[in-house]
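Just so it is clear, the model here is predicted, and its values are computed rather than measured. Numbered from 1 within each chain, the chains take letters A, B, ... in sequence-line order.
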There are 2 protein chains.
Amino acid sequence: MAKQIPDIVIGRLPVYLRALVQMGQEGRQVTSSQELGERLGISAAQIRKDLSQFGEFGKQGTGYNIEFLSKQLSEILKVNRVWDVAIVGAGDIGRALAGYSGFSERGFRIAMIFDNKPELVGSEAAGFMIKDGRQLRDEIAAAGIKIAMIAVPATQAQDVVNQLVEAGVRAILSYAPVHLSVPAGVRVQNIDPSIHLQRMTYYLE
Amino acid sequence: MAKQIPDIVIGRLPVYLRALVQMGQEGRQVTSSQELGERLGISAAQIRKDLSQFGEFGKQGTGYNIEFLSKQLSEILKVNRVWDVAIVGAGDIGRALAGYSGFSERGFRIAMIFDNKPELVGSEAAGFMIKDGRQLRDEIAAAGIKIAMIAVPATQAQDVVNQLVEAGVRAILSYAPVHLSVPAGVRVQNIDPSIHLQRMTYYLE
DNA sequence: TAGATTGTTAATCGATTAACAATC
DNA sequence: TAGATTGTTAATCGATTAACAATC
């Protein structure tokens, strides 16, 4: 069995990757754990430790080749390929996600979008024809889609998640303001702006 | 100086609060650390430990009164009041945030929205007149706004943040896919769907 | 060679869990 | 009273940091 990598380390890798890609776009060739750390507000030791879980990517005295390390991280995170993603919910958030251009260069492609409102089904959102939510399970299973983003009301979210899991989805990014239960082997990330804001108000006067 | 509470504990309180409010809406009066923990996938011991940082809110043998604990948590998190929030960026995401109805019952009120595109300034988004981004600093300072959400391109985000900080903003929820630097005393939360997805692809086949 | 920076070890620091007396 | 559950302590577990030999 492969060495177990802490999830908290996995969680930092996309942040490293984003910063490295940005540095590359700035025309930089090489960086160091110190520079990257200063840029991200993370200690240099932590960056080196995190990376060392996966191999040796740097050169003593020199640092890290930005393009090489970016490629390595993309591979580790399995975003050196394109993942099809389904969106469930074609309200404001679902549509914003469908139209967001930032996914393609980071390993994702919006493949389909669902809603269960009859007046929305068949209409268009960001160039996609909105599909009937009742077909969700069959369509996603048939397409072999493993990743979904859901932007449905809190009351419907758990039901949608259950269907997604049945359809074979294994990674869910939820914008619904509710805790979701999933079986082992399925991962959920939650985005709830109110929660994020409430994490900060504690520190305000 | 008051006892220092770990930020990771603060981060869980909004999740507890959200679940408690939901339980209350389901007509429940009382819960226990065990029940809440099962619902959220958190250990009962951790919930008790977290709450004990702030006081004694439960009754042995009985558990926690849901309404009472909700009120206490709202107070701790300072969301037993209404915070004015400014939105910067009136693209799809900014508009979705402006129109989101979920803020009001959780302590927030959208007060104004800015964009720097001349063709957007003066037009309407979710009932708000879009203000000129050049007025951002003065308007936010004049209104005494402490919280902002930004949904601008990555290239502009740091500049916007600098202006917000100058204007007196102390909590920023950013949807821009870039790391932001802020002085001590200012808090930032980041939402980047690609980052969230990339945290999960590692675990996919 | 001299200077810089990695990868790794050991030490420190912090968070989580288990267990239980107190008590409703 | 008997059963349940809290708040808290101590033990365990895990993550971060400091330090440095190796080496480019």
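Donor-acceptor pairing under 3.5 Å is lacking for the side chains of B:Tyr202 and A:Asp7. Defined by atom type and a distance below 3.5 Å, a donor-acceptor pair is missing between the side-chain atoms of A:Glu166 and A:Asn162. At a cut-off of 3.5 Å, with distance as the only test, no side-chain donor of B:Asp50 or B:Gln46 sits close to an acceptor on the other residue.
Both A:Ser33 and B:Gln60 lie near DNA chain C, and the one whose nearest nucleotide falls closer to the 5' end is A:Ser33. Sequence order on DNA chain D of the closest nucleotides to B:Ala45 and A:Arg48 puts B:Ala45 first from the 5' end.
Take A:Gln60 and apply the side-chain contact (heavy atoms from CB on, under 4.5 Å) test, not counting sequence neighbours, and it matches no residue. Residues forming a side-chain hydrogen bond (donor to acceptor under 3.5 Å, both in side chains) with A:Asn190 (at least two apart in sequence, or on another chain): none. Evaluation of the side-chain contact (heavy atoms from CB on, under 4.5 Å) rule for B:Gln135 yields B:Asp132, B:Glu139 as partners, not counting sequence neighbours. Listed by chain and residue number, nothing satisfies the salt bridge (charged side-chain N to carboxylate O under 4.0 Å, His left out) test with B:Lys117 (two or more places apart in sequence, or in another chain).
Look at A:Lys71 and A:Glu67 and you find a salt bridge, because one of the NZ, NE, NH1 or NH2 atoms lies within 4.0 Å of a carboxylate O, short of that distance.
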For DNA chain D, the dot-bracket pattern of Watson-Crick and G-U pairs whose distances stay under 3.5 Å, | for other-strand partners: ..||||||||||||||||||||||
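A 4.0 Å heavy-atom criterion places the boundary nucleotides of DNA chain D facing chain A at D:dA15 to D:dC24, written 5' to 3'.
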